[in-house]
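I have placed the structure first, in the form of structure tokens, so that the comments after it can refer back to it.
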Amino acid sequence: MADKKNLLLLFDHPTEPVFMDKGGNGTVFDVPDSYVTDRYNQVCKKVQRRVSSASEKNVLVKEIAIPDLSSPMRLGRSEQFSLFLTSHRKMASHLIEVFTKMPTVDELQSVAVYARDRVNPVLFNYALSVALLHRPDTKDLELPAFAQIFPDRFIDSQMLRSMREESFVVERSAARLPVVSSVKYTASDLDVEHRLWYFREDLGVNLHHWHWHLVYPIEASDRSIVDKDRRGELFYYMHQQIIARYNAERLSNHMSRVQSFNNLDEPIAEGYFPKMDSLVASRAYPPRFDNTRLSDVDRPNNQLRVGIDDMKRWRERIYEAIHQGYVLDTNNEKIVLDDSKGIDILGNIIEASDLTPNSTLYGDFHNMGHILIAYSHDPTNKHLEYAGVMGDASTAMRDPIFYKWHAFIDNMFQEHKRLLSPYEKQELCFPDVRVESIQVESQGQVNKLTTFWQESDVDMSRGLDFVPRGHVLARFTHLQHHAFSYTIKVENSSEATRYGYVRIFLAPKLDDRNAPMLLEQQRLMMVELDKFVVTMPPGSHTITRNSTESSVTIPFERTFRNLEKLEELQNFLCGCGWPQHMLIPKGRPEGLRFELFVMVSNYEEDKVEQTVADCGCSIAASYCGLRDRLYPDRKAMGFPFDRKPRRGSEILENFLTPNMRAVEVIITHEDRTEKLRELPARS
């Protein structure tokens, strides 16, 4: 029987032939002659003897009859793969089905080895990752981080060249120096939007977006892979939280909140020049110039034809459904957009996942918006250019237009939310439970948090193809903050033990004009920081909680990680989540005022009875849910701020009930960088 961990070797060096050495120790796959491509059939064994050692293990590959792979093979190996393209999703869906239906790990390994040199490398990575996450016999495997396999999507082309040079010239990996990523390589200070480089181009932020779409595929032949609990609502909430966080960063940099891109006929004011090369496509990611206008996209080679009028028609139909309070399925039957399921249905419609009740009527709005923008520089393929960064889930968040587009998407969801009745006091209160006080403490200071810059390394050698083996480190400068803790004092005045759900949010106190923020606007900027269960016997109690325990984030080591040192951490398949180092906004040198909000709701009303045993995968549940289980909160995502406030609650202070408390917190940014000391670096 094959060792299933060998499947992970197939991710290494994605553009090299499968028979080349893997794992950094000379391991090779003993590939049947019939599996080797015609180009290398005569030289395969010679190459393996050159790159491996007889003392190292060979992975035996069983020769089996290969299923039909003609569908995924239609996409060329050097072409660009995009989850936003329907034709590409169908290819991926076919390959996922092939991988998941292989009855044994041995046969999965065989077909994966065969497919690897014949299928587009990114499509292969995506399909195999989804399959491993969802097969019962492989779901416990630790997937490599996408940035380690495709570093070209996270670093600029100059840095990539320097890493190749370091790898080729310096033979011993221990003597190689980390290659430093520039902090301002995509634009100069003349571009106001570039103040947010640390957010948009952050490694962990972009990995989060890719991994979320990996855990929640848009399409698959096996419906259970897509049909996960409250999937559409998660699509809404995760992206809404990204916009809320982005707006907090904009205020930290003296910028106004992001303006939604709601007029597709207007030019896109912001250009973006990514300065990145695709190793798979051997092309530079094309830029988008200032004031680019969208055009109808007609690219037969991608089986793609979508117009601005299509987008407007889908938008109007979705808004009409929201205002009518129901959508129509393919049988013309009404599906009510009620208080509980309505947002989930809308999420599936707007993203156009397999769960949409009527794709013909409501279209492919979210994905085609990405595509119109991604091909705005060459909509008819006249110049044979590939898509810009908006065309890929791993690079889209680098572009300022991503946030304007998703602000527009969020406006559609908020239109539905605004039609729901506000929460009344009785829906918010927790009888006999009172929050007496809250505070945060960091570095001995109360209600004062500090951010700064920090250097961290990532080994990207697994994605550097056709170069000598050994570690090659990329050194990134990223935002970081001092860890902090919450202290919450609560009183249970009843005579029975009560169970509470603690909900913690953070939002700016003042708007971009330095005026107090009304709750109707402030609620849209509430960033969820944590959510956890507490036990409260009768009397007063003090609850403490560390920021590193957040239900929103994955551990720092998951982003800037050394695989050999992570055995104590949960599997990466549980690693969908916001990066820990980006938990709080940057703040300002002079300090920026935020309101920290804490609510203790009744857990007996909020808890969800799980039908599947705990898999030990529970980190970052707020944004990513629980693997194979129900979302662990009966309330709407974002509760209690997902609806407009009740009458008389125009400001947060008036919204509070006894089981809530808010306190002002100052976030100060120190413009200094914590350097790594163990190794020097080359720039």
Would you name the heavy atoms of [X] and [Y] that are closest together and state the gap between them?
{"X": "Arg643", "Y": "Ser421", "answer": "NH1-O, 2.8 Å"}
{"X": "Leu626", "Y": "Ala621", "answer": "CD2-CB, 3.7 Å"}
{"X": "Ile243", "Y": "Ala407", "answer": "CD1-N, 4.0 Å"}
{"X": "Asp642", "Y": "Ala636", "answer": "OD2-CB, 3.3 Å"}
{"X": "Leu8", "Y": "Glu142", "answer": "CD1-O, 3.5 Å"}
{"X": "His194", "Y": "Val183", "answer": "NE2-O, 4.1 Å"}

Looking at [Y], is its backbone amide N or carbonyl O close enough to the side chain of [X] to form a donor-acceptor pair, meaning the two atoms are under 3.5 Å apart?
{"X": "Thr138", "Y": "Leu132", "answer": "yes"}
{"X": "Thr553", "Y": "Gln580", "answer": "no"}
{"X": "Arg462", "Y": "Phe11", "answer": "no"}
{"X": "His541", "Y": "Pro537", "answer": "yes"}
{"X": "Asp410", "Y": "Gln240", "answer": "no"}
{"X": "Asn247", "Y": "Val258", "answer": "yes"}
{"X": "Gln241", "Y": "Tyr623", "answer": "no"}
{"X": "Arg195", "Y": "Asn253", "answer": "yes"}
{"X": "Glu549", "Y": "Asn546", "answer": "yes"}
{"X": "Ser442", "Y": "Ala483", "answer": "yes"}

Set out, in order, the CA-CA distance, both residues' side-chain angles and the distance that settles ring-ring contact (aromatic ring centres under 6.0 Å, His included) for Phe452 and His482, then state yes or no. CA-CA 8 Å; Phe452 52 91; His482 291 299; 4.7 Å; yes
Consider ring-ring contact (aromatic ring centres under 6.0 Å, His included). Of Tyr403, Phe402, Phe146, which one does His209 pass it with?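 Going through Tyr403, Phe402, Phe146 one by one, the ring-ring contact (aromatic ring centres under 6.0 Å, His included) with His209 is satisfied by Phe402 alone.
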Exactly one candidate in Tyr486, Phe594, Phe641 meets ring-ring contact (aromatic ring centres under 6.0 Å, His included) with Phe505; the answer is Phe641
Does one side chain, of [X] or [Y], offer a donor that lies under 3.5 Å from an acceptor on the other?
{"X": "Arg588", "Y": "Ser252", "answer": "no"}
{"X": "Trp210", "Y": "Asp392", "answer": "no"}
{"X": "Asn654", "Y": "Ser649", "answer": "no"}
{"X": "Ser622", "Y": "Glu528", "answer": "yes"}
{"X": "Thr544", "Y": "Thr487", "answer": "no"}

Approximate separation, where rounding is to 0.5 Å, of [X] [atom1] and [Y] [atom2]:
{"X": "Met397", "Y": "Leu207", "atom1": "CE", "atom2": "CG", "result": "11.0 Å"}
{"X": "Asn348", "Y": "Leu234", "atom1": "CG", "atom2": "CG", "result": "10.5 Å"}
{"X": "Ile667", "Y": "His481", "atom1": "CD1", "atom2": "NE2", "result": "9.5 Å"}

Under 4.0 Å between a Lys/Arg side-chain N and an Asp/Glu carboxylate O for [X] and [Y]?
{"X": "Arg634", "Y": "Asp606", "value": "no"}
{"X": "Arg513", "Y": "Asp511", "value": "no"}
{"X": "Glu455", "Y": "Lys675", "value": "yes"}
{"X": "Asp432", "Y": "Arg498", "value": "yes"}
{"X": "Asp344", "Y": "Arg230", "value": "no"}
{"X": "Asp399", "Y": "Arg200", "value": "no"}
{"X": "Arg629", "Y": "Asp229", "value": "no"}
{"X": "Glu249", "Y": "Lys586", "value": "no"}

Any residue meeting side-chain hydrogen bond (donor to acceptor under 3.5 Å, both in side chains) with [X], in chain and number order, not counting sequence neighbours:
{"X": "Asp202", "value": "His581"}
{"X": "Thr497", "value": "none"}
{"X": "Ser494", "value": "Asn492"}

Looking at [X], I want to see if its [atom1] is surrounded by more than 12 non-hydrogen atoms of other residues, nucleotides or ligands under 6.0 Å.
{"X": "Glu424", "atom1": "CD", "result": "yes"}
{"X": "Lys4", "atom1": "NZ", "result": "yes"}
{"X": "Glu653", "atom1": "CD", "result": "no"}
{"X": "Lys448", "atom1": "NZ", "result": "no"}
{"X": "Gln259", "atom1": "CD", "result": "no"}

Would you list the pairs meeting ring-ring contact (aromatic ring centres under 6.0 Å, His included) in which at least one residue belongs to residues 421-446, sequence neighbours left out?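 Checked against ring-ring contact (aromatic ring centres under 6.0 Å, His included) - neighbours excluded - the pairs reaching residues 421-446 are Tyr423-Phe639.
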In sequence, state the C-alpha distance, the side-chain angles, and the governing distance for Phe235 and Tyr237, and then conclude on ring-ring contact (aromatic ring centres under 6.0 Å, His included). CA-CA 6 Å; Phe235 171 79; Tyr237 186 58; over 10 Å; no
Distance under 6.0 Å and angle within 45° of the ring axis: does [X] meet both against [Y]?
{"X": "Arg545", "Y": "Phe532", "result": "yes"}
{"X": "Arg503", "Y": "Tyr501", "result": "yes"}
{"X": "Lys228", "Y": "Tyr216", "result": "yes"}

Compute the centroid of each ring, for His366 and then for Phe408, and state whether the two points are separated by less than 6.0 Å.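 No, too far apart.
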Working note: Val608 + Tyr631, criterion side chain to side chain contact (heavy atoms under 4.5 Å, CB included); need CA distance, chi angles, decisive distance, verdict. CA-CA 8 Å; Val608 175; Tyr631 191 80; over 6 Å; no
Checking Arg434 against Glu491 for the salt bridge (Lys or Arg N to Asp or Glu O under 4.0 Å) test, could you report, in this order, the C-alpha distance in whole Å, the side-chain angles of both residues, the deciding distance, and whether it holds? CA-CA 5 Å; Arg434 179 182 185 86; Glu491 181 186 8; 5.5 Å; no
Describe, in one word, how the ring planes of His239 and His406 are oriented to each other, choosing from parallel (under 30°), tilted (30 to 60°) and perpendicular (over 60°). parallel
Report the relative orientation of the aromatic rings in Tyr236 and Phe413; use parallel for angles under 30°, tilted for 30 to 60°, perpendicular for over 60°.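 Because their plane-to-plane angle lies in the 30° to 60° range, the rings of Tyr236 and Phe413 count as tilted.
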Report the residues that fulfil side chain to side chain contact (heavy atoms under 4.5 Å, CB included) with Thr657, sequence neighbours left out, ordered by chain and then residue number. Lys425, Leu428, Cys429, Arg646, Asn659, Met660
With sequence neighbours excluded, residues passing salt bridge (Lys or Arg N to Asp or Glu O under 4.0 Å) with Glu670: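 In terms of salt bridge (Lys or Arg N to Asp or Glu O under 4.0 Å), with neighbours along the sequence ignored, Glu670 is linked to Arg672.
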